[in-house]
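Down below is the structure, laid out as structure tokens.
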Amino acid sequence: MFGNVLIGYLKEGQAPDTWERTKQLNETAKRPEVNGFNFNTEPYKTESVNIFAVSEQYGKALNTGSVDPAKILPKYQSALKKAGVEKQTAEMQKQLDEWLKANGKK
């Protein structure tokens, strides 16, 4: 189902030990402290829907460079505030802090 780059052909110019180094990096990678945290959006469903709608309205145009960010970005930020992004962000931080403490990570 998924490809395995560790058995793939090397491209011209790649070091012969590329796959060994990649495997070593994968095996020694550290998980972020927040790995396993899930934000409970239940109390913030309205804000989540509104934030998504604002992102759909402005995000694609800004991300593709289709509009002048000097003009559109302030409108996007204002719309996000009206949608409740600050309230949701504060709650997410609160939940994360509680989760980190409960899991002995902070």
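The figures here come from the full heavy-atom set of this structure, side chains too, leaving out hydrogens, waters and symmetry mates. This chain uses plain numbering: 1 for the first residue, then up along the sequence.
- Annotation: the span from Gln93 atom CD to Thr89 atom OG1 amounts to 9.0 Å, rounded to 0.5 Å.
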Validation: residues 31-40 side-chain donor-acceptor distances under 3.5 Å, sequence neighbours left out:
{"from": "Asn40", "atom 1": "OD1", "to": "Glu42", "atom 2": "N", "distance (Å)": "3.0"}

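- Between the side chain of Trp19 and the backbone N or O of Gly8, at least one donor-acceptor pair lies under 3.5 Å.
- Nearest heavy atom pair, residue Pro16 against residue Leu10, reads CA-CD1, 3.8 Å.
- Gln95 and Glu91 share a side-chain donor-acceptor pair at under 3.5 Å.
- Taking hydrophobic clusters as Ile, Leu, Val, Met, Phe, Trp and Tyr residues chained together by side-chain heavy-atom distances below 4.5 Å, Val54 does not share a cluster with Tyr44.
- Looking at Ser55, its side chain does come within 3.5 Å of a backbone N or O of Ile51 through a donor-acceptor pair.
- In terms of heavy atoms, Pro74 sits closest to Pro69 at CD-O, 3.6 Å.
- Residues Leu73 and Tyr76 meet the side-chain proximity criterion, which asks for heavy atoms closer than 4.5 Å.
- Surrounding CD of Gln24 are at most 12 heavy atoms belonging to other residues, nucleotides or ligands under 6.0 Å away.
- Note on residues 49-70: pairs passing salt bridge (charged side-chain N to carboxylate O under 4.0 Å, His left out), not counting sequence neighbours, are Glu56-Lys60.
- Cluster annotation: Phe52 is not connected to Leu80 through the hydrophobic network of ILVMFWY side chains, with a link wherever side-chain heavy atoms come within less than 4.5 Å.
- Atom-to-atom distance recorded for Gln88:CD and Thr41:OG1 is 7.5 Å, nearest 0.5 angstrom.
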